[in-house]
Amino acid sequence: MNEPVLELKRISKSFSGVEVLKDISVALRGEGSILGLVGENGAGKSTMMNILGGVLQRDRGEILLGGAPYNPRSAMDADEAGIAFIHQELNLFSNMTIAENLFLSDAPGSKWGVLSYRAMNAAARRAMQYVGIDISPSTLVDTLPMGMRQMVEIAKALSRKARIIVFDEPTTSLCTEEKEQLFTIIRDFSAKGISMIYISHALDDVLALCGEVAVLRDGSIIGQLPAEKATKADIVSMMVGRKLDQLFPYVPKHPGEVLLRVDSLCGQKAFRDISFSLRAGEIVGLFGLMGAGRSELANAIYGIDRIESGRIFLLGESVRNPAPEWWIGKGVAYITENRREEGLLMPKTVKENLVLANLRALGGNLGAIDAPREEKDSAAIIDRLSIKTFDKSRQSAQSLSGGNQQKVVIGKWLLTNPRVFLADEPTRGVDVGAKFEIYSHLNALAEDGSAILFISSEMEELIGVCDRILVMSNGSLAGELDRERFDQKELLNLAISRCY
Amino acid sequence: MVAKRLSLGRLLSGERLTLIFFLVYFLFSMLLVGKFSNPVNLTNILVQSADLIILSCGMTFVFMNGGIDFSVTAILGLESVLGARVMTLVGDPLLSVFSGVAFMLFIGLAIGCINGLTVTMLKMPSFIATMATQLIFSGLALWYTQSATIGGLPRPFSYIGRGRLIGVPMPIVITLAVVLATAFILHRTVLGRYIFAVGTNHRTARISGIPIKRTIFKLFLFSGGLSALSGVIMTSRSGAGMPAMGKTMLMDIVGAVVIGGTSVTGGSGSIFGTAIGAVLIIVLNNSLNLLGVDWFVINALKGAMIVLVALLGVLRDAGRR
């Protein structure tokens with residue numbers, strides 16, 4: 001075997017003391033080789049690719065590109081080194097033409113900053129033909145189907161003279177036919193000597209396409225093995241093979257009446273035909289891979305995104321046109337996934353954030369805020385959740401630690417006295433200690449008769465605290481496991497069952 | 001901790017800087033500009049500030065959501081001429097004043113309503129929506145009067161702009177009431193919290209059950225209503241309906257709000273800051289005028305001051321982080 005095209009040697013990276021990559025060593029062997037990269041959400045794939053792309057800087061280790069040291073400081077460096085990235089979310093301007101997108105920088109034939117559309121269009125047509133598509137280069141990207149857009153992105157990578165192309169979940173938005181077309185092109189590139197890294201949850205595709213597969217788990221490479229020797233089962237067990245090393249405070253519960261029921265709910269595109277129910281006093285997990293449609297489902301139930309069809313029942317009564325204000329009045333809370341964008345007013349004080357969802361109840365004469373009650377309510381929650389803040393009336397939410405921020409989000413909802421919680425990744429970006437506290441609070445709420453939908457992409461925590469787990473795959477409900485049947489492999493199999 | 005200093009600091013947190021700037025400038029003017037410290041001149045400053053303060057308070061509401069309201073000067077002109085016309089048509093003096101003022105306030109609220117609906121329902125940026133209403137209604141005012149003023153207003157009407165209440169000029173009394181009321185609404189009520197929340201982060205506010213559209217709509221009602229109130233005082237003081245009334249004030253209004261420390265992107269600001277900003281602009285005008293500085297140069301200096309205060313604000317925020 002000849003010299004590796006790209007080699008990562010003992011790469012480590014930490015974010016504020018948490019090591020997300022530990023001594024990663026992986027190699028892309030030989031021109032035209034394809035390396036599959038698999039791992040759970042949060043295993044470190046994105047961090048690894050960001051280091052390769054110059055978006056993040058490694059703490060330790062070295063990268064060799066064709067045997068020479070490669071130290072990208074920015075995305076521009078990666079581009080110049082001939083490494084291109086095809087992301088899940090495409091980086092195209094949909095209001096521009098194919099040619100304009102292809103040559104955003106370095107337009108062919110341009111002089112003094114004046115574009116030559118003739119030269120650009122001719123070059124764009126050649127680039128598109130190279131990926132097997134004959135289309136007018138002045139077509140607006142807006143009018144192209146997803147698969148075609150991806151081809152534009154690939155053509156763009158090629159026009160930048162890429163020697164290595166990294167595909168990050170390229171098939172999630174493609175139909176079967178488009179996918180076949182993509183694979184044909186990938187094989188064709190391989191034959192032409194372009195090397196690729198292929199990241200995907202669709203293990204069948206990875207095994208079919210790649211020469212080798214590297215498995216990443218918890219920031220470490222578990223193994224890099226030839227694809228022909230690996231089976232899907234091997235890889236799944238490599239991806240999850242770990243013991244539960246954290247403590248989860250599971251409490252057996254006695255589910256009561258059905259509080260919330262969802263019947264054949266379809267979203268605009270992220271999910272379809274979802275039915276489930278939540279009973280008083282139970283914690284129901286909702287597992288799925290990135291892009292499975294979990295957050296979109298919660299958003300739609302809460303009335304933030306539109307519902308295409310299907311029905312929602314609260315205590316047996318059909319809910320029409322749900323909206324956050326309405327749900328809050330009915331005792332349904334939504335702990336959102338993204339604290340910064342959806343959960344908190346970052347520059348505002350802890351106190352202001354805590355009473356945010358319950359302001360209506362604080363209104364007195366002339367709509368004046370009942371300041372003593374505001375003080376009392378917020379103090380009670382800070383005490384109950386042991387939120388660490390030096391002064392709740394002065395400290396802004398953004399200056400709290402991640403765990404305390406998350407507690408403020410939870411506290412905000414506790415003040416509305418809810419009986420149903422939709423909790424989307426309530427422990428994301430929170431340290432182990434705070435996680436444990438959050439699980440305990442969720443348990444206490446369930447014991448008091450609340451129903452909790454616990455959305456997470458961490459299997460361990462779902463297995464640790466839930467009574468049953470629903471699994472979503474590619475927008476639909478792939479299955480449900482009771483506590484006796486909880487099993488990481490089974491969960492992961494269900495989660496990828498509809499990825500094709 | 002030092003409780004007293006803290007509470008005062010909190011009251012003025014965002015606008016402390018403007019206040020200090022104002023006090024320094026005021027002190028220098030008192031000492032260095034000849035006729036500035038004359039009581040007549042000082043009263044004059046306060047009366048002149050009244051219009052700008054009320055208008056700027058209204059603008060502060062729209063700024064809280066990162067928007068702007070260009071239509072305020074159109075409201076002034078249109079209500080001035082239409083209100084004057086109503087007053088000249090009604091015979092009984094008191095009834096005519098009452099119906100005229102009511103009609104003027106109605107016009108402000110109606111235009112605010114149009115702005116609010118365009119922004120919330122048609123999802124148009126306030127920049128465009130209010131620029132359109134500004135052009136439409138100021139055009140309407142000029143067309144209706146063919147640029148002429150409407151005089152012959154009933155005598156009792158002049159009390160609003162020129163009268164005194166226990167020795168204090170009425171415009172100052174009204175302005176004080178407006179500042180206290182709007183400060184109360186913005187800083188002490190549920191609606192005020194809604195406004196801050198919506199201005200800080202739409203999505204968080206929405207998920208927390210805050211009625212976003214209704215809140216934004218109200219911002220334009222405040223702006224329109226307060227413009228109308230200011231227009232009543234101005235019309236009363238000038239004693240005639242004027243189609244181009246307050247035409248040149250827009251930059252001073254925006255200047256006062258910005259100098260007062262209200263964020264252009266929304267989510268933070270204060271009524272007291274705006275009020276100080278407005279008085280500062282008037283003091284600047286007045287003192288430079290007394291020094292015989294050319295009007296065009298005064299404008300240039302105002303621009304420089306806005307940049308200076310904004311820069312200090314940026315530095316302060318950078319230091320805080």
Side-chain angles (χ1 to χ4, degrees), chain A residues 298-299 302-305 323-330 332-349 351-371 374 390-391 393-394 396-399 409 412-413 415-416 418 422 424, chain B residues 1-3 5-14 64-66 180-215 218 222 261-263 265-270 313 316-321:
Chain A
N299 276 341
Y302 215 60
I304 295 157
D305 292 344
E325 302 161 66
W326 188 87
W327 283 119
I328 291 170
K330 292 288 178 186
V332 178
Y334 180 23
I335 299 169
T336 39
E337 178 183 11
N338 189 331
R339 295 191 283 274
R340 194 165 286 279
E341 305 290 334
E342 308 180 317
L344 296 170
L345 301 175
M346 294 305 268
K348 299 298 172 198
T349 66
K351 186 158 87 175
E352 281 171 296
N353 272 290
L354 280 172
V355 297
L356 192 63
N358 202 32
L359 281 173
R360 200 158 295 149
L362 290 179
N365 289 338
L366 292 168
I369 295 270
D370 182 348
E374 181 188 20
F390 62 79
D391 183 349
S393 313
R394 299 192 70 209
S396 65
Q398 65 200 354
S399 66
V409 178
K412 169 178 99 173
W413 291 111
L415 275 178
T416 65
L422 308 176
D424 193 0
Chain B
M1 281 220 220
V2 199
R5 212 188 67 202
L6 268 184
S7 62
L8 184 70
R10 228 151 77 199
L11 185 72
L12 301 168
S13 54
M64 286 300 299
N65 187 41
L180 291 176
T182 50
F184 173 76
I185 291 168
L186 198 56
H187 303 295
R188 290 282 179 273
T189 65
V190 173
L191 176 63
R193 288 293 178 85
Y194 284 179
I195 293 171
F196 274 97
V198 169
T200 306
N201 184 333
H202 274 211
R203 201 167 165 85
T204 300
R206 180 161 169 226
I207 292 171
S208 302
I210 289 167
I212 295 195
K213 285 186 176 172
R214 233 180 304 157
T215 306
K218 284 177 188 164
F222 275 110
T262 295
S263 158
T265 49
S268 74
S270 87
R316 173 197 63 200
D317 290 345
R320 212 180 264 168
R321 229 157 257 157

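- Summarising the geometry, atom CE belonging to Met346(A) is positioned 12.0 Å from atom OG1 belonging to Thr200(B); distances are rounded to the nearest 0.5 Å.
- Ion pairing between a basic and an acidic side chain is recognised when a charged N comes within 4.0 Å of a carboxylate O; Glu325(A) and Arg214(B) show such pairing.
- Heavy atoms of Trp326(A) lying under 4.5 Å from chain B are absent altogether.
- The shortest distance between side-chain heavy atoms of Ser208(B) and Glu342(A) does not fall below 4.5 Å.
- Under the side-chain contact (heavy atoms from CB on, under 4.5 Å) test applied with Val190(B), the options Leu366(A), Asp370(A), Leu359(A) reduce to a single match, Leu359(A).
- When every heavy atom of Pro211(B) is checked against every heavy atom of Arg360(A), the shortest pair comes out as CD-NH2, 3.7 Å.
- The main-chain N or O of Glu341(A) is found under 3.5 Å from a side-chain atom of Thr204(B) such that the two form a donor-acceptor pair.
- Asn338(A) does not touch chain B: none of its heavy atoms, backbone or side chain, sits under 4.5 Å away.
- Pairing each heavy atom of Ile207(B) with each of Tyr302(A), the nearest pair is O-CE2, 3.8 Å.
- Put simply, of Thr336(A), Thr416(A), Leu344(A), the one with the most heavy-atom pairs under 4.5 Å next to chain B is Leu344(A).
- Distance alone, capped at 3.5 Å, places no donor-acceptor pair between the Arg193(B) side chain and the Leu356(A) backbone.
- Formation of a donor-acceptor pair under 3.5 Å by the Lys348(A) side chain with backbone atoms of Gly267(B) is found in this model.
- Annotation for Arg203(B): atom CZ counts as buried by contact number, over 12 foreign heavy atoms lying within 6.0 Å.
- Contacts with chain B were tallied for Ile328(A), Leu362(A), Ile304(A); Ile304(A) has the most, counting heavy-atom pairs under 4.5 Å.
- Of the listed residues (Pro324(A), Ser396(A), Gly363(A)), the greatest number of heavy-atom pairs within a distance under 4.5 Å of chain B belongs to Pro324(A).
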